[in-house]
Amino acid sequence: MNRFQAKFDPRVWEVVANIPAGQVMAYGEIARAAGFPRYSRMVGASMGRCPDALPWFRVVRSDRTLAFEYGSESYREQSQLLKQEGILFDGKKVITADTDDNLDKMLWGPSD
DNA sequence: CCCTTGACTATCT
DNA sequence: GAGATAGCCAAGG
């Protein structure tokens, strides 16, 4: 087991694994959904060592840009995978079916 | 124990 | 809208 399994990870794993295809989620959103409101950086740190099974490419920044440097190899890999999921790009930003807050409701139900 | 670093975020200029 | 700042938590040197 790698460092991914440290402390809070199991929930993060679940949340990330449950991101629907064609949708993306921000680090902070994942952290919050997993029950760790301020752990966006920890999520990112863990994602860096995540197993292949995790759909890491569905994880983006809060502004919906990719976390990698624009044009880098990782960036292109992620963008390509996202495109395969049907996600389009608006320059550096990904375009999803809607905003990420509806994803929150998809996962946890319309609580409001 | 102090400092740096990191797939972050919100806020201010 | 882009760049700079401050807050944030954990891990490693």
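Numbered from 1 within each chain, the chains take letters A, B, ... in sequence-line order.
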(request) With the side chain counted from C-beta on, respond yes when Met42(A) and Tyr27(A) share a heavy-atom pair under 4.5 Å apart, and no when they do not. (result) no

(message) I'd like to check Val24(A) versus Val59(A) (side-chain heavy atoms, cut-off strictly below 4.5 Å). Are they in contact?
(response) no

(request) Answer yes or no: is there a side-chain heavy-atom contact under 4.5 Å between Gln78(A) and Leu81(A)? (result) no

(request) For nucleotides dC1(B) and dG13(C), find the distance between their C1' atoms and express it as a whole number of Å. (result) 12 Å

(request) Evaluate the side-chain proximity of Val15(A) to Met25(A): yes if any heavy-atom separation is below 4.5 Å, no if none is. (result) yes

(request) Check whether any side-chain heavy atom of Leu54(A) sits under 4.5 Å from a side-chain heavy atom of Met47(A), and report yes or no. (result) yes

(request) Using a heavy-atom cut-off of under 4.0 Å over every strand shown, decide if Gly48(A) touches base, sugar-phosphate, or nothing. (result) base

(message) Looking at Val60(A), is its backbone amide N or carbonyl O close enough to the side chain of Arg64(A) to form a donor-acceptor pair, meaning the two atoms are under 3.5 Å apart?
(response) no

(request) Report the distance from atom CZ of Arg61(A) to atom C1' of dA2(C), rounded to the nearest whole Å. (result) 13 Å

(request) Compare all side-chain heavy atoms of Leu66(A) with those of Phe89(A) and state whether any distance is below 4.5 angstrom. (result) yes

(message) Counting distance alone, no hydrogens or angles: does the base of dC8(C) have a donor or acceptor under 3.5 Å from a partner atom on the side chain of Arg41(A)?
(response) yes

(request) Tell me, please, the opening and closing nucleotides of DNA chain B, 5' to 3', among those with an atom under 4.0 angstrom from a non-hydrogen atom of chain A. (result) dG6(B) to dA10(B)

(request) Could you note down all residue pairs passing ring-ring contact (aromatic ring centres under 6.0 Å, His included) where residues 51-83 of chain A supplies at least one of them, sequence neighbours left out? (result) Tyr70(A)-Tyr75(A)

(message) By the 4.0 Å heavy-atom rule, please label Tyr39(A) as base, sugar-phosphate, or nothing.
(response) sugar-phosphate

Review item, nucleotides 3-6 of chain C N/O atoms under 3.5 Å of protein N/O:
none

